[in-house]
There are 2 protein chains.
Amino acid sequence: MFETDWKPDKTYPMPLHLQIIGYIKEKITLNEWPIGTKLPSQRALAELFAVNRSTIVAAMDELAAEGVIQGNTGGGTKVINNTWNLMNQSYNWNSYISSGNHQPNHMIVQQINAAESDPDMIRMGSCEPAAELIPQDKIQKILKKLSVSSQPLGYEEPRGSLFLREEICKYLQTIGIATNPSSVLITSGALQGLQLISLGLLHANSIVYLEKPSYLYSLRTFQSFGMQLSGIPFEATGINIKKLSEKHKSKRGSILFTIPTFHNPTGTVMPLEKRKELIHFCEKEGLPIIEDDVYREIWFENAPPPPLKSLDQNGLVLYVGGISKNLSPGLRIGWIVGSEQVIARLSDIKMQSDYGTSSLSQNVAAELFASGLYQEHNDILRKKVKVRRDTTLIALNKHFNAIATWNIPTGGYFIWLKLNEPISMHQLFVKALNHKVLIHPGDLYEFHSNQHIRISYSNATLAEISQGIKILSELVLEQEIGN
Amino acid sequence: MFETDWKPDKTYPMPLHLQIIGYIKEKITLNEWPIGTKLPSQRALAELFAVNRSTIVAAMDELAAEGVIQGNTGGGTKVINNTWNLMNQSYNWNSYISSGNHQPNHMIVQQINAAESDPDMIRMGSCEPAAELIPQDKIQKILKKLSVSSQPLGYEEPRGSLFLREEICKYLQTIGIATNPSSVLITSGALQGLQLISLGLLHANSIVYLEKPSYLYSLRTFQSFGMQLSGIPFEATGINIKKLSEKHKSKRGSILFTIPTFHNPTGTVMPLEKRKELIHFCEKEGLPIIEDDVYREIWFENAPPPPLKSLDQNGLVLYVGGISKNLSPGLRIGWIVGSEQVIARLSDIKMQSDYGTSSLSQNVAAELFASGLYQEHNDILRKKVKVRRDTTLIALNKHFNAIATWNIPTGGYFIWLKLNEPISMHQLFVKALNHKVLIHPGDLYEFHSNQHIRISYSNATLAEISQGIKILSELVLEQEIGN
């Protein structure tokens, strides 16, 4: 929750704890930490300000003595007063924050989000592509073009820039999806597509079937609006259709969420025959599908089978794609493809959410497609990511051979590591964080799973990957022995 | 709902109605118009395809005879079949579309959104700045800089780019708001700020007090999540605090939404004394405030009084701002300023909604602030918009003197025209649309109001403004005589 670049100045002739008191009081004076604000733990504050814990204790004692903060036995310390400067009492937002409609992210996801920006962290959790995987030269080429030829940036049509939608249609044609611009909605990343679907097409008590494990378990997008997640067992070829059939009682408003290609977190690819079978089943049952296909372009040897959407004769599939994983997360460009009436509904919700995605980002993306730079980049990307995968596999073989098993991904960014023995994932996560290794514990993707870790090789450098996996193996061993 | 650039080719040796049949069948074959899709009216189709209505009648009769579509006496025509090509029945999304959580936009807003992209339209509804008001040269200057010096575009921190937040803090300082980057969240336009507040801080049955009339009445952002709008009478200086006091029964979770500066739609500016009084009242009552301040920089003679936020000693005000109105809508850059714990909560919801705003847009905005081009542009903008306002006032004096009264705005984009006689606003809106004049009927901003029109002078050219107001006055007169 707290974020700061400030640190006490060790060269300054004032004791560190007094500098910290001054800083905290300033925060309270500015009403940025109003009364009721819960302070981080002493340990966290020590880390935040890069001082010894004893310095924090001194500062806290002083502030408590002044009646500015108060600790309780539960371990929480709160701001309780700001009258030292004769101000009125600050507004207490706690009831608003705790009763707002949308659920907060899992605590651990919030911790992860916060840790992401630590430059010293070995990031093996994030699926964000490393800087070396983002084609900055190509984007700059486009920016240079736009710096002489672009149009004034006004609002776009509800569905997004027609130029971009046309280019996306051409691209989709190459992966087997025949569609037209009216059936495409531009979103701010694929994640927003899921939020729009949850707001526009589902209702409280809608059931969302999903693979178990699934990336979707790490989100609160659907649950926040009252939908229920119903996990379906997973097998080597993807979702178990028989089990899906047993669970599905043709409830009104239910939908299947699936990642058939380079599944997150397991890396699994659903074979073509099974894709046909799944489409057939869903047609028969009238069960619509959300197909999340954001990893498609990141393959190593052979292109994956065509998307479910390409097999969809009936407009049953909502296809969610984007360029955040394989090109640039920062552009925030994704898309949903579906039948026109669904796209009209979703684009109306999109207009009500943010009045459209950045026109500048849309222009850049459209130019990337139109110029051929998009495909050119993907060819380069695949080679680079393959090296990352191979490095990861070598390190795993070296350090995890005796304590875990794993898949060999043919594309995407993940290895789903299965430890031979269950351990506390939370403990491991925190320990790894303290060793500056950021991982995604498996229980983010499958509740109560205490044997899995999702290892991402998209972000850390090759040296960091080897180093991170070594550290991780040591921590796992240490914890297993401790058990 | 339907959007197409396709028109039958009059030079092609196939009757127009057969070309149209082919087009419609193709749409159905591609499952873009699945079974259950409601077709536009014959009149609308004739307009869409730029043909005579008799051509449409011929095509529809043929399609009905083939059993592809079916009309009913209520006037709706639907796709009912696609078996001419032996396809399975298309999936019927209607139950999903009608039961989704989020309310659709008002029908009239959807019509407005669709009409916005008609290049022949005189747009006097939209508050989108005209191309001549967007500093394309300055943006291109920044793009050129970024084309040689920019960083790879990854995800940003949850609150948004630190560089941009720092620049926004410096800017806010100039309008009297002392804050720091941790208390600022970057949003995709100010509208998203409102959605985040509705998702993160309010709950079903929260009461949102607002001025009557208010821009907020034209949105469904709050109502979609179960909040209730409670309109407070308006007076020459803004919201009537006494009436607010009478209505407010210190309900938990209530909040005040206000636009104290160049109020939308009335253009009113709340005087400084009243701002102090309002803050004092809200402090006393513990009623937090959403201050929407997106028109602040568009003033003609004198800068407006400082924002409520600058008077807020207690972190009671959530300040919503952005650059869509005065610089570029297409960058989609807005911000919320509030106490840190609130910003932490909202940034978490933002991460769950779209994983942050376009980094490219954030970079461009930050450079605009840092280079001084932002302020430089505002100086130019004010002069240009003043000419627009003056032109509008001249046209109103010429054509509306006998039939309406209006305010003289000292900033912002709107004139709130009050007709002397009530008329059907819906009729006027449709008639104006047929004459290619797009207005916002007053009942968008105040339910059941049948005497007001919001005239925006931000988008049309000076010649169009004069022309549009002339046409509008004729339509009003015609309708008054018709009554």
Side-chain angles (χ1 to χ4, degrees), chain A residues 1 3 31-32 34 37 88 90-91 93 96-97 99-102 104-105 113 117 128 131 134 136 140 143-144 146-147 152-155 157-158 182-183 188-189 191-192 195 199-201 203 225 313-316 328-330 332 339-342 344-345 348-349 353-355 358-361, chain B residues 1 3 31-32 34 37 87-88 90-91 93 96-97 99-102 104-105 113 117 128 131 134 136 140 143-144 146-147 152-155 157-158 182-183 188-189 191-192 195 199-201 203 225 314-316 328-330 332 339-342 344-345 348-349 353-355 358-361:
Chain A
M1 180 172 154
E3 184 197 36
N31 287 291
E32 284 156 16
T37 302
N88 292 326
S90 274
Y91 192 68
W93 281 95
Y96 286 83
I97 288 172
S99 68
N101 265 306
H102 202 295
N105 251 317
N113 285 344
S117 49
E128 177 174 352
I134 298 176
Q136 188 59 10
Q140 289 187 338
L143 289 179
K144 194 162 183 194
L146 293 180
S147 78
L153 299 167
Y155 295 110
E157 297 171 55
S182 305
S183 303
S188 298
L191 177 60
Q192 189 183 43
Q195 190 182 60
L199 289 174
L201 299 175
H203 54 77
F225 304 108
Q313 299 286 307
N314 300 343
L316 192 76
S328 163
R332 309 304 308 118
S339 68
E340 276 199 22
Q341 55 172 170
V342 174
R345 165 76 171 148
D348 178 60
I349 310 288
S353 298
D354 61 11
Y355 231 90
S358 162
S359 304
L360 181 57
S361 281
Chain B
M1 181 172 153
E3 184 196 35
N31 287 293
E32 285 158 13
T37 302
M87 276 173 27
N88 293 325
S90 272
Y91 191 69
W93 282 96
Y96 286 83
I97 289 173
S99 68
N101 265 308
H102 201 295
N105 251 315
N113 285 344
S117 49
E128 177 174 351
I134 298 175
Q136 188 59 12
Q140 289 187 338
L143 290 178
K144 194 162 182 192
L146 294 180
S147 77
L153 298 166
Y155 294 109
E157 296 171 55
S182 306
S183 304
S188 298
L191 177 61
Q192 190 183 42
Q195 190 183 58
L199 289 174
L201 300 176
H203 55 77
F225 304 107
N314 302 342
L316 191 77
S328 163
R332 310 302 309 119
S339 67
E340 275 199 23
Q341 58 172 170
V342 173
R345 166 73 171 150
D348 177 60
I349 309 288
S353 298
D354 61 11
Y355 230 90
S358 163
S359 305
L360 181 56
S361 281

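Computed from a predicted model, the values in this text were never measured in an experiment. Because only heavy atoms are used, hydrogens play no part in the values below, and waters and symmetry mates are left out as well, while side chains stay in. Proteins come first, then strands; the chains are lettered A, B, ... in the order of their sequence lines, and each starts at number 1.
A pairwise comparison of heavy atoms in B/Q341 and A/P34 identifies OE1-CG, 3.9 Å as the closest pair. What you find for B/I97 and A/L201 is that their closest heavy atoms are CG1-CD2, 3.8 Å. Closest non-hydrogen pair, A/H102 versus B/I349, comes out as CB-CD1, 3.5 Å. Considering every non-hydrogen atom in both A/N105 and B/D348, the closest pair reads N-OD2, 2.8 Å. Considering all non-hydrogen atoms of both residues, B/E32 and A/S183 come closest at CG-OG, 2.8 Å.
Note: A/N314 CG to B/W93 CH2 = 11.5 Å, rounded to the nearest 0.5 Å. Atom CG of B/L360 is separated from atom CG of A/L360 by 4.0 Å, given to the nearest 0.5 angstrom. To the nearest 0.5 Å, the span separating CG on B/L191 from OH on A/Y355 amounts to 8.5 Å.
For B/I134, the part sitting under 4.5 Å from any heavy atom of chain A is the side chain, from C-beta outward, and nothing else. For B/Q140, the parts sitting under 4.5 Å from any heavy atom of chain A are the backbone and the side chain alike.
Of all the listed residues (A/G189, A/S353, A/S188), the one sharing the greatest number of non-hydrogen pairs under 4.5 Å with chain B is A/S353. Per-residue heavy-atom pair counts under 4.5 Å with chain A were compared for B/P158, B/S359, B/S361, and the maximum is reached by B/S359. When each of A/H203, A/K144, A/Q192 is checked for heavy-atom pairs under 4.5 Å with chain B, A/H203 comes out on top. Contact count versus chain A (heavy atoms, under 4.5 Å) is highest, among B/S182, B/G330, B/A131, for B/G330.
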